[in-house]
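Notes follow once the structure below has been shown.
Hydrogens, waters and symmetry mates play no part in the numbers below; they use all other heavy atoms, side chains included. Chain letters run A, B, ... following the sequence lines, proteins first and then strands; every chain starts at 1.
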Amino acid sequence: MLDPKLLRGDPEKVKAGLKNRRGDPSLVDEFTAIDEKWRKLTAGIEEKKARRNAASEKIGELKRKKEDASALLAEMKTLSDEIKELETKQQALESDLNNLVLGLPNLPDGSVPVGEGSAENIEVRSWGEKPAFSFKPLPHDELGQRLGILDFARAAKIARSRFVVYRGFGAALERALISFMLDLHTKEHGYIEVLTPLLVNADSLRGTGQLPKFAEDLFRCQDDDLYLIPTAEVPVTNLHRDEILEPEKLPLKYVAYTPCFRREAGSYGKDVKGIIRQHQFNKVELVKFTAPENSPAEHEQLTADAEKVLQKLGLPYRVVQLCTGDLGFASAKTYDLEVWFPSEGAYREISSCSNFGSFQARRAGIRYRPRKETKPEFVHTLNGSGLAVGRTFAAILENYQQEDGSIVIPEALQPYLGGLRKFSAI
RNA sequence: GGAGGGAUGGCCGAGCGGUUGAUGGCGGUAGUCUUGAAAACUACUAUGCGCGUAAGCGUAUCGGAGGUUCGAAUCCUCCUCCCUCCGCCA
């Protein structure tokens, strides 16, 4: 959520920011118009309430002295009715204002390149050497099926399309990746591991920005009004919703493994093959709460922490900075990590590391007190995948495939697979 | 699922229609005392919103949403969460 004071104080700046990220600047004018009405109305209501409060006190006094208060009483009756009527109008304005503000995306950070879409994203750096093959490298889904470790047909039978069954070594590899990532981030990067609910309420989704705008992307349990999480960002960031954090505890760093559930509405026909785009996938997520002045540095570090996973696994990747037009709804600045897929001869997103500034903190009421005597301020929140496990699985199959159809296990992963160095179909 | 009990400020805990934003305690901050510290004592110590350059003024907030009333932390209705007992269950 944007600061209403910024919306009021510098509407032109907000409009410019919205334009850059392909938002609708006219919403700012709409806000101003409703806000002005609201303020006028509110001032009137408060003035009436002040009168009522004063009179009520007097009535109490009169009654205690057993004097007659009926004239005042009658007067206050009509005043109270007036207030009630005005408050109905006020509530309508507030709800309009609220919906409007909750629908506004975050403003891009000043350091983000202006651009229309993914074509204008900027490669920041790349790492690793793309493997050279003396044969035509196969796509991961084909490898997985040949090795008997991925089963799409049966997953579609028991659920529907865009689900997968991991079998045998496949299941073990997925589990090994999860453990490896969690160990790396907890033991070497200082994150606290959390295991959260996978179902969350609407307040949580509003806090991180998935609601109200992106309801169609979520699986919802209608009877209970709970939603399956689309990312661990939701439960982990909301861990501290409506809290005031101790400044000495910042930065607070969490890592969480969770399955993620996405309806993928509107992506029909996109990535239909393989495990790149599934309704359910595993992800290890990094989440940070920081003081505002530290968030840029923490953002760089978080990105580096995610990169470390790819480096240890020996997977070639590049870091891309998203331009203003490609930024996610809540993000002020984002780096995508893209891993190399030999079968496609292309890099594909495997992690997205974002600084949300105070956008989520304001929605979710996450604050800290810089000093004992100062007022609480909103923290900055950041998060990034460290990494998307399914896509990491796919990248390993593709990058480590051998001509005989076997898969070489990256060294860092071997301890998690009982020392296995290579997997071949049985 | 059935029967009961509860939710109040950073925390504990009073209040149960009329200066109650809310007694008291703990914690915190500042000061007095002390060579220093502890102890003791004194003062201060919630947040949102509006108006105002500011001091400040107004208003709202006692789990949430409604209602009754001139006036609600206190009464009524619905909802959520927590606790105890029974049932069921991994």
My understanding is that only one of Leu205(A), Asn201(A), Leu199(A), Val234(A) makes a side-chain contact (heavy atoms from CB on, under 4.5 Å) with Tyr227(A); could you say which? Leu205(A)

Over how many whole Å does the gap from Lys375(A) atom NZ to rG48(B) atom C1' extend? 9 Å

Pair listing, ring-ring contact (aromatic ring centres under 6.0 Å, His included) test, anchored in residues 295-314 of chain A, at least two apart: His299(A)-Tyr335(A)

Of all the choices, rU47(B), rG71(B), rU69(B), which nucleotide is nearest to the side chain of Lys77(A) once you look at every atom? rU69(B)

Please report the distance separating the P of rG28(B) from the corresponding atom of rA37(B), rounded so that it comes out in whole Å. 16 Å

P-based separation of rG71(B) from rC79(B) [nearest Å]: 27 Å

Can you list every pair that meets ring-ring contact (aromatic ring centres under 6.0 Å, His included) and has a residue in residues 350-384 of chain A, with sequence neighbours left out? Phe329(A)-Phe359(A)

Going by side-chain contact (heavy atoms from CB on, under 4.5 Å), name the residues that satisfy it together with Gln91(A), two or more places apart in sequence or in a different chain. none

By side-chain contact (heavy atoms from CB on, under 4.5 Å), which residues pair with Leu302(A), not counting sequence neighbours? Tyr191(A), Leu286(A), Lys288(A), Cys353(A), Leu382(A)

Tell me which pairs pass salt bridge (Lys or Arg N to Asp or Glu O under 4.0 Å) where either residue lies in residues 235-261 of chain A, with sequence neighbours left out. none

Under 4.0 Å between a Lys/Arg side-chain N and an Asp/Glu carboxylate O for Lys15(A) and Glu12(A)? yes

Taking atom P in both rC76(B) and rG4(B), compute the distance separating them and give it to the nearest angstrom. 16 Å

Within residues 32-43 of chain A, those residues having any heavy atom closer than 4.0 Å to RNA chain B are Trp38(A), Arg39(A)

Among all residues two or more places apart in sequence or in another chain, which pass the ring-ring contact (aromatic ring centres under 6.0 Å, His included) test with Tyr400(A)? none

Indicate whether OP1 or OP2 belonging to rG48(B) is found under 4.0 Å from a side-chain N or O atom of Arg367(A). yes

Rounded C1' spacing from rA72(B) to rU19(B) in Å: 15 Å

Length of the CZ-P vector between Arg363(A) and rG48(B), whole Å: 19 Å

Arg8(A) vs Glu57(A), nearer the 5' end of RNA chain B by closest nucleotide: Glu57(A)

In which ranges does RNA chain B form stems of 3 or more consecutive Watson-Crick or G-U pairs, distances under 3.5 Å? B:1-7 with B:80-86, B:10-12 with B:24-26, B:27-32 with B:40-45, B:46-51 with B:56-61, B:63-67 with B:75-79

Separation of the P atoms in rU29(B) and rC81(B), to the nearest angstrom: 38 Å

Take Thr231(A) and Lys283(A) through the test side-chain contact (heavy atoms from CB on, under 4.5 Å) and record every step on the way to the result. CA-CA 8 Å; Thr231(A) 160; Lys283(A) 186 154 61 72; 2.8 Å; yes

Whole angstrom value for the distance that separates C1' of rA65(B) from CG of Asn98(A): 15 Å

Separation of rA60(B) atom C1' from Gln91(A) atom CD, nearest Å, is 13 Å

Suppose you measure atom C1' in rA7(B) against the same atom in rU74(B); what distance do you get, rounded to whole Å? 15 Å

Any side-chain N or O of Lys63(A) below 4.0 angstrom from OP1/OP2 of rG71(B)? no

Residue list, side-chain contact (heavy atoms from CB on, under 4.5 Å) with Lys89(A), at least two apart or on another chain: Leu41(A)

Between Leu107(A) and Leu6(A), which heavy-atom pair has the shortest distance, and what is it? CD1-CD2, 3.9 Å

If the P atom of rA38(B) is compared with that of rG21(B), how far apart are they to the nearest Å? 37 Å

Report the distance from atom CD1 of Ile366(A) to atom P of rU47(B), rounded to the nearest whole Å. 18 Å

Distance check needed: rU47(B) P versus Tyr368(A) OH, whole Å only. 15 Å

Specify the residues of residues 46-54 of chain A, ordered by number, for which at least one heavy atom lies under 4.0 angstrom from an atom of RNA chain B. Glu46(A), Lys49(A), Ala50(A), Arg52(A), Asn53(A)

Check the phosphate of rG71(B) against Ser80(A), side-chain N and O only, distance under 4.0 Å to OP1 or OP2. Yes or no? yes

Check residues 52-63 of chain A and write down every donor-acceptor pair under 3.5 Å in which the side-chain atom is one partner and the other belongs to a residue at least two apart or another chain.
from     : atom 1 : to       : atom 2 : distance (Å)
Arg52(A) : NH1    : Ser80(A) : OG     : 3.3
Ser56(A) : OG     : Arg52(A) : O      : 3.1

Rounded to the Å, how far apart are Glu94(A) CD and rA60(B) C1'? 11 Å

Indicate, with a heavy-atom threshold strictly under 4.0 Å, whether Leu73(A) touches base, sugar-phosphate, or nothing. base

Donor-acceptor list for residues 410-423 of chain A side chains, cut-off 3.5 Å, not counting sequence neighbours:
from      : atom 1 : to        : atom 2 : distance (Å)
Gln414(A) : NE2    : Ile409(A) : O      : 3.0
Tyr416(A) : OH     : Asp183(A) : OD2    : 2.6

Pairwise P distance, rA73(B) and rC62(B) [rounded to whole Å]: 6 Å

